[in-house]
Amino acid sequence: MSTRFEFAKKDYEAWGIDLKEAFETVKKVPISVHCWQGDDLKGTEVVQNELSGGIDVTGNHPGAARNGDELRADLEKALSLIPGKHRINLHAMYAETNGVAVERDELEPKHFQKWVDWAKKHDLGLDFNPTVFGHPKSDDGLTLSHPDPAIRRFWIDHCKASRKIGEHFGKELGTPSLVNIWVPDGFKDTPSDRLTPRRRLKESLDEIYSDVYDENHVLDAVESKLFGIGSEAYVVGSHEFYMNYANQNNKLCLLDTGHFHPTEVVSNKLSAMLLFHDQLALHVSRPVRWDSDHVVAYDDELREIAQELVRNDSLDQVLIGLDFFDASINRVAAWAIGTRNMVKALLYAALLPHDHLKKLQDEGRFTERFALQEQFKTYPFGEVWDEYCRQQSTPIEREWLDIVKRYEEDVQLKRIDKAVHS
Ligand code: RNT
Ligand code: ZN
């Protein structure tokens, strides 16, 4: 324990804040770390397709993982830099099928056995997503809502297969797998019929969810979106669509922080959603001018989300997952920065005098409320964060980057085929 931490501790204790308790609170929160930051959403399928569906990864930083083993090694490195015990979020495109091409509607739990074995070894839970993009059958920009029943069938079967894989994860790992459905369906320009595609999506979902799983194994989520590249005018699976679907069918709404109007914030939605849903899921991301999926920064909105979760006592109800992909920086560093920031924001939130701040609000003492909210921003939080990292045997803020640099040198850069000079 550093002396600087001792001083910081006193500052917080003056407000009646118990640091030990705050550490315990944050320690219990698993973050679902998305595997797709490690390879720019390339996946490990035998037949490789171009990324599509209006999501895009830019940048050419060297050293991306080229296969499942490299991806898992990079994830291990990233996890070693992040305090706490977390989970891994997989996509169906990360199947490993021994060089045999397996269509997505025929995927089975065995195609993810390497992930399961690895997760067991490292005591990690696994979440899952059907990959409903980056495939010839999604080229029309419509999948579960496609007018062609054969295309719908293919994607319905893929989603059904995905839930079965999720069930396997849940059973094998003893923690439910969150299976999240996001589909890119939408139109670039003004539709002449908004209702029918939404009706078809609803019917497809009903069919997918007609398979019943124990919620100790599978939790189902549906992820909405406002617009995407190529679906600027209309997205079939809008927020209202899924919010109502989830409510009626006892599913989790997954709110992605990049999937709303630019001035709309997810932090302001959580309390409203939580009054009507037992559970919710998040994709924490950072939209820069659009749904750009930048690495999560320690910014105002991240802290606000964390504060909502902490002060509403809803950390058990809201499943936190990350969703960003940046190929312009070291990918292990991207995981470390984004995930550490999420945990950091939770710790920041756990160190605020919420009861006092709530009281100030109820008593109409808004000057004091604002002054105090601002005051805490310059409290010696960095010292407390470092101490939290130390106690979790993870590097403190100024240490982790050197570890990544060494890993880049020793492992990631060696993946690049050296140019052959004659
Ligand atoms: C796309 C959604 C979706 C994807 C991942 C890869 O806009 O956010 O969650 O990013 O499934
Ligand atoms: Zn998302």
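Note that ligands are numbered from 1 as they come in the structure, with each ligand's atoms numbered from 1 the same way. Starting from 1, each residue takes its place in the sequence as its number.
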Would you name the N/O/S atom of D323 that lies closest to the Zn ion (ligand 2)?
OD2

Could you check whether any heavy atom of H259 sits closer than 4.0 Å to an atom of ligand 1, since that is the contact criterion I want to use?
yes

Is the backbone N or O of Q317 less than 3.5 Å from a side-chain atom of S314, with the two atoms forming a donor-acceptor pair by type?
no

May I ask you to identify the nearest protein heavy atom to atom 9 (O) of ligand 1, giving residue, atom name and distance to one decimal place in Å?
E223 OE1, 2.7 Å

Distance under 4.0 Å to a non-hydrogen atom of K225: what atoms of ligand 1 satisfy this?
1 (C), 7 (O)

Atom of D256 nearest the Zn ion (ligand 2) (restricted to N/O/S, atom name only):
OD2

Heteroatom proximity flag, D256 to ligand 1, N/O under 3.5 Å:
yes

For E223, the N, O or S atom at the shortest distance from the Zn ion (ligand 2) is OE2

Taking distance alone, with no angle check, do N180 and ligand 1 share an N/O pair under 3.5 Å?
no

If we set the cut-off at 4.0 Å for heavy atoms, which region of H34 has an atom near ligand 1: side chain, backbone, both, or neither?
neither

Salt bridge E167-R163, side-chain N to carboxylate O under 4.0 Å
no

Would you find more than 12 non-hydrogen atoms of other residues, nucleotides or ligands less than 6.0 Å from D117 atom CG?
yes

In ligand 1, which numbered atoms sit nearer than 4.0 Å to a non-hydrogen atom of H283?
9 (O)

Would you mind telling me which of D206, D220, D211 makes a salt bridge (Lys or Arg N to Asp or Glu O under 4.0 Å) with K160?
D211

Output for pair (F128 CZ, F112 CZ), nearest 0.5 Å, gives 3.5 Å

Presence of N, O or S from D293 under 2.8 Å of the Zn ion (ligand 2)
no

Would H91 count as a polar contact of ligand 1, with the cut-off being nitrogen or oxygen pairs under 3.5 Å?
yes

Of N180, N129, D127, which is the lone residue that meets side-chain hydrogen bond (donor to acceptor under 3.5 Å, both in side chains) with N89?
N129

F169-W115 aromatic ring centre distance below 6.0 Å:
no

What atoms of ligand 1 come closer than 4.0 angstrom to any heavy atom of I55?
1 (C), 7 (O)

For D313, is the CG atom crowded, meaning more than 12 foreign heavy atoms sit under 6.0 Å from it?
no

Just let me know how D291 lines up against ligand 1, side chain, backbone, both or neither, with a heavy-atom cut-off below 4.0 Å.
side chain

For a quick check under 3.5 Å, do H283 and S285 share a side-chain donor-acceptor pair by atom type?
no

Do any nitrogen or oxygen atoms of W36 lie less than 3.5 angstrom from nitrogen or oxygen atoms of ligand 1?
no

Ion pair R311/E304, N-O distance below 4.0 Å:
yes

Taking everything shown except E399 itself, do over 12 heavy atoms lie less than 6.0 Å from its CD?
yes

Going by the atom numbers of ligand 1, which of them fall below 4.0 Å from some non-hydrogen atom of F325?
10 (O)

In H283, the N, O or S atom nearest to the Zn ion (ligand 2) is which?
ND1

for atom 10 (O) of ligand 1, nearest protein heavy atom and its distance come out as D323 OD2, 2.7 Å

